[in-house]
Amino acid sequence: MKEDLLQLALKFIHGEIDEITYISRHDRDWYEVKELAATDPITFGILLRKLSLPYRRKALIHAFSLRTAELRTLLLGDFSESSSTIFDLTNPLKSRRFSNELLAQFGIIHRVPFDWAYKDRLVMERWNFKNYDFSGIALTCMEDLIPLLRMAEDRNRDVKGYVIQTNTDQECYIRLESRTDVIVVDLYQNDLLSLDKLMSALKSKSLTWSGFITQSVVPGHRYWTFIGADNESAIARIMETEFKYIQNTMRL
């Protein structure tokens, strides 16, 4: 069944079957989107672009293995009781409007441009930082990130986007994800000075850090990712499950 889903995804990408046929073969297992996201981000991006909006969001949620309650907390906060939000995001029969802030946060969490969470049908192969216009948190300097580099205190993830003004008057963008055993930091739109300052901030924490260049779902757009943990095994587990295509890493 798992191989069937992957083959169906490729057939859908190549126009050999329609979306209804592809989607109808799923139950609760979307194995193929996890596999594509971890092994071939470009092909995963092609699949996302071709899917209609509700199924694109659903594919992203499954690719990131987010539980419904967990995603609801990330989008709406710790005390949200809106049980229908995630269902409405992924239901093709619903036409509910969502705020730009919520959709931008969805884009930051899932590492896709804003329009990929907002627009239906085919979207542009273009990377932008509109997510951060709506949901980014402003920091005055890279050092402000240091106290935020902490692991989640419970089982739930925490994902936020930060905008930092550099000395060159160019903004850089950071996605910071905290889990119970690892911290994942993405640096977008970076120059060498921003990269150096981020690495200095990371090294101020007594963690083991592994860094590498990540391919986004948009062809040609790459960024730096750093994974920090108390031990090598936690980093290895993330690499084996979520970044299988990465061949070379750098230790800080």
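- Here the options are R222, Q215, R111, the test is side chain to side chain contact (heavy atoms under 4.5 Å, CB included), and the partner is P41; only Q215 passes.
- Across all their heavy atoms, W116 and V218 have their closest contact at CZ2-CG2, 3.9 Å.
- A donor-acceptor pair under 3.5 Å is formed between the side chain of S135 and the backbone N or O of E101.
- Hydrophobic clustering (side-chain heavy atoms under 4.5 Å, transitive across Ile, Leu, Val, Met, Phe, Trp, Tyr) keeps Y245 apart from L48.
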For this session: Carefully, step by step, assess T85 and D88 under the rule side chain to side chain donor-acceptor pair (under 3.5 Å).
Result: CA-CA 5 Å; T85 297; D88 291 349; over 6 Å; no
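- There is no path of hydrophobic side-chain contacts, each under 4.5 Å, that joins L53 to L102.
- Between the side chain of Q105 and the backbone N or O of V159, at least one donor-acceptor pair lies under 3.5 Å.
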Problem set entry | Evaluation steps, side-chain contact (heavy atoms from CB on, under 4.5 Å), between Y162 and L148 | CA-CA 11 Å; Y162 296 94; L148 305 173; 3.6 Å; yes
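- The number of heavy-atom neighbours closer than 6.0 Å to CE of M124, taken from other residues, nucleotides and ligands shown, is 12 or below.
- Residues I61 and F106 are in side-chain contact: their nearest non-hydrogen atoms beyond the backbone lie under 4.5 Å apart.
- To the nearest 0.5 Å, the span separating CZ on F114 from CG on D133 amounts to 9.5 Å.
- In the hydrophobic clustering of this structure, W224 groups with M142; members are Ile, Leu, Val, Met, Phe, Trp, Tyr whose side-chain heavy atoms approach within less than 4.5 Å, directly or through other members.
- In this structure, N128 and P113 approach most closely via the heavy-atom pair OD1-CB, 4.3 Å.
- Counting heavy atoms from C-beta outward, R157 and S178 have side chains that stay 4.5 Å or more apart.
- Within the 4.5 Å cutoff, no side-chain heavy atoms of V217 are placed close to those of I42.
- Here T73 contributes atom OG1 and R67 contributes atom CZ; the two are 8.5 Å apart, rounded to the nearest 0.5 Å.
- Note that the CZ atom of F212 and the OG1 atom of T225 stand 5.0 Å from one another [nearest 0.5 Å].
- Each of Y188, Y132, W127 was checked for a ring pair (Phe, Tyr, Trp, His ring centres under 6.0 Å) with Y173, and the lone residue meeting it is Y132.
- No donor-acceptor pair under 3.5 Å is formed between the side chain of T208 and the backbone N or O of E232.
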For this session: Evaluate the criterion side-chain contact (heavy atoms from CB on, under 4.5 Å) for residue pair L5 and W30; output intermediate values, then yes/no.
Result: CA-CA 8 Å; L5 288 175; W30 287 59; over 6 Å; no
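- Salt bridge E19/K50: absent, no basic N to carboxylate O contact under 4.0 Å.
- We find the CD1-OH distance between I20 and Y55 to be 8.0 Å, quoted to the nearest 0.5 Å.
- Contact annotation: the side chain of L149 approaches that of L176 to within less than 4.5 Å [non-hydrogen atoms, C-beta and beyond].
- Hydrophobic clustering (side-chain heavy atoms under 4.5 Å, transitive across Ile, Leu, Val, Met, Phe, Trp, Tyr) groups I109 together with L76.
- Hydrophobic cluster membership differs between F44 and V184, with clusters built from Ile, Leu, Val, Met, Phe, Trp and Tyr side chains linked at under 4.5 angstrom.
- Considering only heavy atoms from C-beta on, R175 stays 4.5 Å or farther from Y223 through its side chain.
- Side chains of P54 and N91 form no contact here, defined as non-hydrogen atoms less than 4.5 Å apart.
- Listed by chain and number, the residues in a salt bridge (charged side-chain N to carboxylate O under 4.0 Å, His left out) with D158 are K160 (sequence neighbours excluded).
- A donor-acceptor contact shorter than 3.5 Å links the side chain of D191 to the backbone of S194.
- Closest of all the heavy-atom pairs between S210 and I235 is CB-CG2, 3.9 Å.
- Side-chain contact between L198 and I174 is present, with at least one heavy-atom pair separated by less than 4.5 Å.
- Summarising the geometry of G228 relative to M151, their closest heavy-atom pair is O-CE, 4.2 Å, with the distance given to 0.1 Å.
- The number of heavy atoms from other shown groups lying within 6.0 Å of CG (L192) does not exceed 12.
- In this structure, H110 and N131 have side chains that are not in contact, with every pair of non-hydrogen atoms separated by 4.5 Å or more.
- Between V185 and I183, the shortest heavy-atom distance links the atoms CG2-CG2, 4.0 Å.
- Under the 3.5 Å distance criterion, the side-chain polar atoms of R56 are matched with a main-chain donor or acceptor of L51.
- Across all their heavy atoms, S84 and R96 have their closest contact at OG-NH1, 3.4 Å.
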Problem set entry | Step-by-step side-chain contact (heavy atoms from CB on, under 4.5 Å) determination, Y22 to L47 | CA-CA 11 Å; Y22 169 53; L47 174 65; 3.8 Å; yes
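- Note that CG of L71 is 11.0 Å distant from CZ of F64, once rounded to the nearest 0.5 Å.
- A distance of 9.0 Å separates CD1 in I227 from CG in D186, rounded to the nearest 0.5 Å.
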Problem set entry | Audit row: M250, M199, side-chain contact (heavy atoms from CB on, under 4.5 Å) steps and yes/no | CA-CA 11 Å; M250 172 186 67; M199 289 192 294; 3.8 Å; yes
For this session: Go through the steps to decide whether R179 and E242 satisfy the test salt bridge (charged side-chain N to carboxylate O under 4.0 Å, His left out), and finish with yes or no.
Result: CA-CA 14 Å; R179 306 187 196 179; E242 299 177 28; 2.8 Å; yes
